Amino acid sequence: MSSLQRQGTPDTSPLLSGGSAPPHASSSPLRIDRLDRIDSRSSRDFAWHPHPPPMPGSSPSTGGGFLGPRLGSSSSLGGGATGYQSIEGHGLTLSRSSSSAADVFSAGSGLLLREGEDPEGRSPRERNRRCPFVIGVAGGTASGKTTVCDKIIQRLHDQCVVMLNQDSFYRSLTEEEMQDVENYNFDSPDAFDTPALLECLEQLKAGRHCEVPTYDFTQHRRGSETRKVEPADVIILEGILVLHMQELRAHCNMLVYVDTDDDVRLARRIQRDVQHRGRDIASVIHQYTIFVKPAFDQYVAPSRRYADIIIPWQRGDNLVAIDLITQHISLKLRCHDLLRIYPNLELLPSNFQIRGMHTIIRDASSSKNDFVFYADRLNRLIVEAGLGHLPFQEKIVKTPTGHRYVGVDFTRGICGVSIIRSGEAMETALRECCQGIKLGKILVHRHGPHEEEEVIYERLPSDIAQRHVLLLDPLVGTGRTACRAVEVLLARGVQQDKILFLSMVAAPEAIHKLCGSYPGMKVLTSEIDRGLDEDCRIVPGIGEFGERYFSD
Ligand SMILES: Nc1ncnc2c1ncn2[C@@H]1O[C@H](COP(=O)(O)OP(=O)(O)O)[C@@H](O)[C@H]1O
Ligand SMILES: Nc1ccn([C@@H]2O[C@H](COP(=O)(O)O)[C@@H](O)[C@H]2O)c(=O)n1
């Protein structure tokens with residue numbers, strides 16, 4: 001009997017508990033590759049779907065793995081790494097990343113559970129889950145994938161996270177294959193029951209539980225038991241071929257590659273397989289040479305190019321990398337909490353152009369010219385996005401080539417109302433988009449952060465009650481001034497569902513107040529910041545917007 005056939009302790013646990021990684025923080029850089037892809041995938045796929053979401057049809061980039069900017073601990077980059085931005089409280093530096101979780105406030109996880117029949121037979125808990133954030137984690141055998149996932153799960157302790165191991169979906173060997181198990185290639189894609197894994201993944205993404213097989217590495221077959229996995233906010237899919245298999249990658253919002261030197265992996269593998277998988281050293285080395293290493297070179301190493309994040313994992317725990325990943329996931333989950341709670345909240349879809357505009361606008365050292373230029377540019381995008389929410393009517397026109405074009409007609413009867421003084425900075429964008437639009441103004445004054453808001457001045461179109469109103473204020477912090485302005489409009493007979501509130505930056509407090517108090521009113525903002533400081537200023541914020549825009 002070869003050691004591949006030996007009896008031993010079944011290793012069917014979803015998490016290998018063994019292993020004691022040295023608890024020192026590594027200064028290894030985390031190689032960030034295309035965090036923009038994480039974001040673009042996230043904005044497309046990672047949305048709250050009351051019904052099962054559509055299958056994401058992502059087409060992975062084939063760009064080189066290490067071309068992206070680097071991220072490392074502050075010690076590794078030092079102060080000289082220009083162009084890098086600090087993540088508050090963690091001493092991290094990153095480049096091009098979308099945001100740190102520190103910038104965003106958690107709205108909690110107020111699930112909207114309702115009892116009742118579900119046509120798909122899901123429980124209320126299953127039904128009300130949002131579409132989960134899926135992280136694919138790959139890397140060579142014994143690279144530390146499970147350990148990395150374990151650490152991510154520990155850090156996401158306030159979120160509901162489940163793990164799917166590709167290992168659990170190894171096919172059971174037939175009697176014939178068992179006879180010649182030494183020559184069976186467990187590192188080939190054919191060794192896995194990928195349809196079963198996909199089915200589980202799809203069930204979880206649809207908000208349903210799934211039954212995951214248990215696998216016995218000593219017997220090379222599935223156990224009779226299955227493991228029930230409940231739907232969760234975050235699904236971690238881990239395995240050697242997760243990044244290699246396009247059908248698995250397509251499900252992931254974030255792709256992580258755990259990068260560990262071959263010799264380190266072989267040493268870890270020998271130790272693990274001997275201790276936990278009933279093998280002897282000779283058989284591990286034989287299997288490694290004949291199958292594991294060639295398959296690594298053929299499938300696993302090349303799949304690194306699909307990774308958004310590559311984590312060097314040979315020298316202790318790379319906590320910098322783990323923190324960055326968990327911060328990014330928290331950011332996504334928290335933003336979606338607000339979007340899920342308030343159907344009347346809209347976020348301007350982000351991209352690097354928009355992030356770049358925010359960066360200049362938020363930079364205290366930006367010149368007045370730059371501030372105004374980029375504020376106007378961003379406001380224009382916000383206004384255009386806002387106008388897209390107005391009702392429309394079909395309109396058919398004839399093109400110069402004589403063909404029919406079925407289009408839409410812009411809504412008539414709209415007006416803008418700016419909240420003085422910052423809101424007036426958005427008037428330019430509105431005028432540029434809607435020629436000749438009527439504009440009104442409201443001035444709300446508050447003597448101190450805890451005083452009542454007082455309406456000092458209002459000048460509104462006389463027929464405002466018949467109009468759709470775009471209410472403009474680039475910054476909303478507590479939301480109290482904005483609410484007071486909304487009250488003025490309502491008192492003038494404007495219907496709630498004909499008000500569209502447009503802002504550049506909103507604190508979560510303002511979102512709660514505006515969206516919660518006026519569920520009929522749509523609120524559109526470009527970014528949601530972390531919160532308010534003790535003086536009720538938005539953090540990280542923009543500063544005094546009106547002052548920066550209008551003063552000489
Ligand atoms: N950073 C590390 N330093 C030392 N040992 C580690 C480290 N990460 C993982 N290990 C050990 O290496 C072995 C393989 O790790 P594991 O996470 O199970 O790898 P994989 O899931 O990629 O096969 C385990 O025994 C684990 O405890
Ligand atoms: N019966 C089996 C099944 C798989 N293997 C090896 O497991 C490795 C994948 O698991 P990791 O935790 O190391 O990622 C893979 O390299 C297979 O060779 C096995 O030895 N026996």
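This one's a predicted model, so the numbers in the text were calculated from it and none came from an experiment. Indexing begins at 1, ligand by ligand and atom by atom, following the structure's order. The analysis underlying the following values was restricted to heavy atoms, covering all of them including side chains, and did not include hydrogens, waters or symmetry mates.
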Among the heavy atoms of [X], does any lie under 4.0 Å from an atom of ligand 2?
{"X": "Phe291", "result": "no"}
{"X": "Gln219", "result": "no"}
{"X": "Arg272", "result": "yes"}
{"X": "Arg279", "result": "yes"}

Relative to the heavy atoms of [X], which atoms of ligand 2 are at a distance of less than 4.0 Å?
{"X": "Ala142", "result": "13 (O)"}
{"X": "Asp167", "result": "9 (C), 10 (O), 11 (P), 12 (O)"}
{"X": "Gln287", "result": "18 (O), 19 (C), 20 (O)"}
{"X": "Lys145", "result": "14 (O)"}
{"X": "Asp187", "result": "15 (C), 16 (O), 17 (C), 18 (O)"}

List the residues meeting ring pair (Phe, Tyr, Trp, His ring centres under 6.0 Å) with Phe291, not counting sequence neighbours, and say none if there are none. none
Contact partition for Arg272 relative to ligand 1, non-hydrogen atoms under 4.0 Å: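 Contact part for Arg272 vs ligand 1: side chain (C-beta onward).
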Residue portion contacting ligand 1 (non-hydrogen atoms closer than 4.0 Å) for Arg269: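 For Arg269, no heavy atom sits under 4.0 Å from ligand 1.
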Between [options], flag the one that comes closest to [atom] by a heavy atom.
{"atom": "atom 6 (C) of ligand 1", "options": "Gln314, Gln271, Arg268", "value": "Arg268"}
{"atom": "atom 9 (C) of ligand 1", "options": "Thr260, Val258, Asp167, Thr147", "value": "Thr147"}
{"atom": "atom 21 (O) of ligand 1", "options": "Thr146, Thr141, Asp273", "value": "Thr146"}

Is the His220-Phe186 ring centre distance short of 6.0 angstrom? yes
Taking the six-membered ring for Trp and the single ring otherwise, decide whether the centroids of Phe192 and Phe169 are under 6.0 Å apart. no
Testing the 3.5 Å rule here: is there a donor-acceptor pair between the side chains of [X] and [Y]?
{"X": "His512", "Y": "Tyr342", "value": "yes"}
{"X": "Ser172", "Y": "Arg222", "value": "no"}
{"X": "Arg268", "Y": "Gln314", "value": "no"}

Would you please determine whether Ser143 falls within less than 4.0 Å of ligand 1 on a heavy-atom basis?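 It does; at least one heavy atom falls under 4.0 Å.
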Student check: side-chain heavy atoms of Phe217 and Asp167 closer than 4.5 Å: yes
Evaluation steps, side chain to side chain contact (heavy atoms under 4.5 Å, CB included), between Asp323 and Lys151: CA-CA 9 Å; Asp323 278 346; Lys151 303 239 173 274; over 6 Å; no
Does atom CD (Glu211) have a neighbourhood of more than 12 heavy atoms from anything else shown, all under 6.0 Å?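 Yes, the 6.0 Å shell around CD holds more than 12 heavy atoms from other groups.
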Within a distance under 4.0 Å of any heavy atom of Asp317, pick out the atoms of ligand 1 and give their elements. 1 (N)
Only heavy atoms of Glu238, strictly under 4.0 Å: list the atoms of ligand 1 that pass. 21 (O)
Arg362: partners by side chain to side chain donor-acceptor pair (under 3.5 Å), with sequence neighbours left out: His358, Glu527, Asp529
Once you restrict to heavy atoms under 4.0 Å, what part of Ile240 touches ligand 2? Side chain, backbone, both or neither. side chain
Is Arg265 close enough and on-axis enough to Phe296, meaning under 6.0 Å and within 45°, for cation-pi? yes
